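Below you'll find the structure, written out as structure tokens, and then a few comments.
Given the structure is predicted, the values throughout are model-derived calculations rather than measurements. What you see below is based on every heavy atom in this structure, not just the backbone, and it leaves out hydrogens, waters and symmetry mates.
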Amino acid sequence: MKTPSSETVAIIDFGAQYAQLIARRVREERVYCEIFPYDAPWEEIVARNPAAFILTGGPDSVLAPGAPHVDPKLLASGKPILGICYGMQELAYAQGGKVLPGTIREYGRAEVTVDAAQSLLFLDVPGRSQVWMSHGDTVTDLPRGFIKLAHTQTSSVAAFGNPAAKQFGVQFHPEVRHTEHGRAILRNFLRKIAGLHQQWEMSSFVDRAVEDIRLRLGGAKAICALSGGVDSAVAATLVARAIGDRLTCIFVDHGLLREGEAEHVVSAFRDVVHLNLVAVDARKRFLDKLAGVEDPEEKRIKIGREFIEIFEEHAHAIPGVEFLVQGTLYPDVIESKTPQSKAGAKIKTHHNVGGLPEEMNLKLIEPLRLLFKDEVRRLGLELGLPGHIVNRQPFPGPGLAVRVLGTIDEERLRIVRRADAIAREEIERGSAEHPWQYFAVLTPLRSVGVMGDFRTYGNMVAIRAVSSDDGMTADWSRLPPDVLQKISTRIVNEIPEVNRVVYDITSKPPATIEWE
């Protein structure tokens with residue numbers, strides 16, 4: 001797909017844990033950006049016609065043997081550059097400055113004092129403010145043409161710049177929320193220094209994407225495995241806008257969905273979005289495969305393999321199909337391109353077709369591969385998708401199979417499905433701001449209880465609700481006590497098999513969001 005904007009910021013990744021966050025902050029300023037590993041070929045980077053560069057942090061020292069370094073062509077490009085943390089040190093080191101191991105390392109909050117209030121980088125930023133530091137080495141001598149812009153108690157140079165060359169560096173992390181005026185600093189670089197405009201709009205993305213899809217597919221047909229989740233839903237809708245009924249969506253009901261979900265998905269995509277949809281009722285097939293299986297990883301494997309078989313059966317029944325639509329997002333692409341060095345460990349190899357057999361011989365269409373999750377949601381609204389699809393909270397691919405701990409059968413699925421519906425109803429009714437994710441888990445534990453003067457020996461249900469930006473870390477949500485009370489009362493009253501409800505107050509880490 002073509003670059004969605006004529007103004008692209010190239011983010012050069014030195015293995016930073018915050019590389020994706022930098023990209024998100026740039027796009028929040030409605031400026032398009034892409035992330036490249038530091039060792040990406042210069043030809044690949046320059047092909048995107050970058051208007052500015054941001055050099056990220058990283059775990060290495062610029063002084064270490066074999067440390068990653070910036071391509072000299074980038075420094076000679078004449079384009080505006082912002083170095084962050086390691087990126088600042090590399091900007092100094094590569095141009096004759098001096099970097100030394102710090103006698104006192106800075107990790108966490110620090111107070112930065114601006115020394116050059118007239119600098120465009122610190123325009124409308126207070127003279128003193130809180131920033132977030134994470135570094136050991138320190139820039140001590142500046143390269144020719146650079147001036148000191150700010151300092152902290154332990155870093156004599158916390159920011160520097162060469163206004164004539166439009167090259168700037170900050171030792172702290174402006175992209176994290178802990179830096180009070182970080183967004184203003186990034187905005188100043190993008191607007192005041194690089195002169196970039198607010199051109200990254202979803203409406204223009206839709207027009208370009210539709211044009212690209214039409215050109216690539218020509219008169220061919222495509223299929224899409226539609227889960228009902230936001231990624232596949234938006235990808236399918238976008239492709240359908242480009243090629244109409246030459247796209248066939250295959251929705252497989254594996255019997256592990258939430259209450260009413262299968263009906264909502266079919267109704268939304270057939271009657272509201274008007275997609276060409278094939279709905280497959282495979283509930284019995286999946287339950288048969290899962291009979292007696294307790295291990296969550298084995299559940300995932302069996303579900304994945306069965307899904308592939310069913311999808312392949314129906315895909316082969318559609319003549320003339322040449323393309324497969326995949327809801328790949330930009331974080332998947334980034335994780336696949338993480339530099340293969342000590343600058344960063346590859347998180348995963350992105351398998352584009354999600355495990356589908358190669359003999360299907362389908363070419364891939366990934367219309368969302370340049371977008372983050374929040375941008376996909378905005379795109380869904382731009383395309384007119386219903387709110388309950390666009391704002392659907394994250395749901396694991398294996399569905400309720402990983403929220404029923406232990407063996408799975410229709411009875412246990414019925415219990416967790418109803419408990420989950422009650423929990424979601426009360427949270428949505430009783431909280432002005434909903435948590436990022438919230439659900440019920442059926443545990444394998446049973447306990448003694450008393451109902452109507454009779455002894456019971458029933459199931460224990462756990463409720464989980466977390467707040468998060470991206471799911472990488474999460475904190476347990478402080479739901480109002482009256483909401484928790486209503487959830488507990490309704491579950492034990494409406495589900496006779498349950499006599500105990502507990503609330504999970506563990507953050508991630510150390511726990512994961514799902515229990516499985």
Please confirm whether the backbone N or O of [Y] pairs with a side-chain atom of [X], one donor and one acceptor, at under 3.5 Å?
X	Y	value
R48	T8	no
S477	P435	no
S507	P509	no
D420	V416	no
K363	F323	no
Q485	D482	no
T248	N276	no
R417	L257	yes
S267	E263	no
Q393	Y438	yes

Report the residues that fulfil ring-ring contact (aromatic ring centres under 6.0 Å, His included) with H314, sequence neighbours left out, ordered by chain and then residue number.
none

Using salt bridge (charged side-chain N to carboxylate O under 4.0 Å, His left out), reason through D281 and K284 one step at a time and then give a plain yes or no.
CA-CA 8 Å; D281 184 351; K284 187 177 186 306; over 6 Å; no

Pair listing, ring-ring contact (aromatic ring centres under 6.0 Å, His included) test, anchored in residues 234-259, at least two apart:
H254-F286

Output, in order, the C-alpha distance, side-chain angles, deciding distance and verdict of side-chain hydrogen bond (donor to acceptor under 3.5 Å, both in side chains) for D475 and S467.
CA-CA 5 Å; D475 191 18; S467 57; 5.0 Å; no

Any chance you could lay out the side-chain contact (heavy atoms from CB on, under 4.5 Å) test for I365 and L324, step after step, and finish with the verdict?
CA-CA 6 Å; I365 292 288; L324 171 67; over 6 Å; no

Under-4.0 Å salt bridge between [X] and [Y]:
X	Y	value
R414	E497	yes
E426	K486	no
K221	E322	no
R27	D374	no
E516	R464	no
R25	E28	yes

When rounded to the nearest 0.5 angstrom, what is the spacing between CZ in R377 and CD1 in I389?
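So the gap between those two atoms works out to 11.0 Å.
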
To the nearest 0.5 Å, atom CG of D13 lies from atom CD of E34 at 13.5 Å

Is there a side-chain contact (heavy atoms from CB on, under 4.5 Å) between M460 and V498? Walk through the geometry before answering.
CA-CA 6 Å; M460 185 175 80; V498 178; over 6 Å; no

Is there side-chain contact between V26 and F189, with heavy atoms separated by less than 4.5 Å?
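When only atoms from C-beta onward are counted, F189 and V26 do not touch, as no gap falls below 4.5 Å.
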
Would you say that R424 contacts E428 through its side chain, given a criterion of any heavy-atom pair below 4.5 Å between the two side chains?
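When only atoms from C-beta onward are counted, E428 and R424 do touch, with a gap below 4.5 Å.
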
Do you see a donor-acceptor pair shorter than 3.5 Å between the side chains of W200 and E375?
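Side-chain D/A pair, W200 to E375: present.
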
Just by distance, no angles: are the side chains of H197 and E7 close enough, under 3.5 Å, to form a donor-acceptor pair?
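On atom types as modelled, these side chains qualify, holding a pair under 3.5 Å.
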
Can F439 and R403 be said to form a side-chain contact (heavy atoms from CB on, under 4.5 Å), step by step?
CA-CA 9 Å; F439 54 88; R403 293 181 181 172; 3.3 Å; yes

Going by the angle between their ring planes, with limits at 30° and 60°, are F311 and F307 parallel, tilted or perpendicular?
parallel

Determine, step by step, whether E29 and R183 satisfy the salt bridge (charged side-chain N to carboxylate O under 4.0 Å, His left out) criterion, reporting the C-alpha distance in whole Å, the side-chain angles of both residues, the deciding distance to 0.1 Å, and the verdict.
CA-CA 9 Å; E29 294 299 322; R183 291 198 180 191; 5.6 Å; no

For R285 and E313, run salt bridge (charged side-chain N to carboxylate O under 4.0 Å, His left out): C-alpha distance rounded to whole Å, both residues' side-chain angles, the deciding distance at 0.1 Å, then the answer.
CA-CA 14 Å; R285 282 181 65 164; E313 290 169 11; 3.3 Å; yes

Run the side-chain contact (heavy atoms from CB on, under 4.5 Å) test on T56 and Y38 for me, step by step, so that the C-alpha distance in whole Å, both residues' side-chain angles and the decisive distance to 0.1 Å come before the verdict.
CA-CA 9 Å; T56 77; Y38 78 91; over 6 Å; no

Greater than 12 external heavy atoms within 6.0 Å of R283's CZ:
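It does not: R283 CZ has 12 such atoms or fewer within range.
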
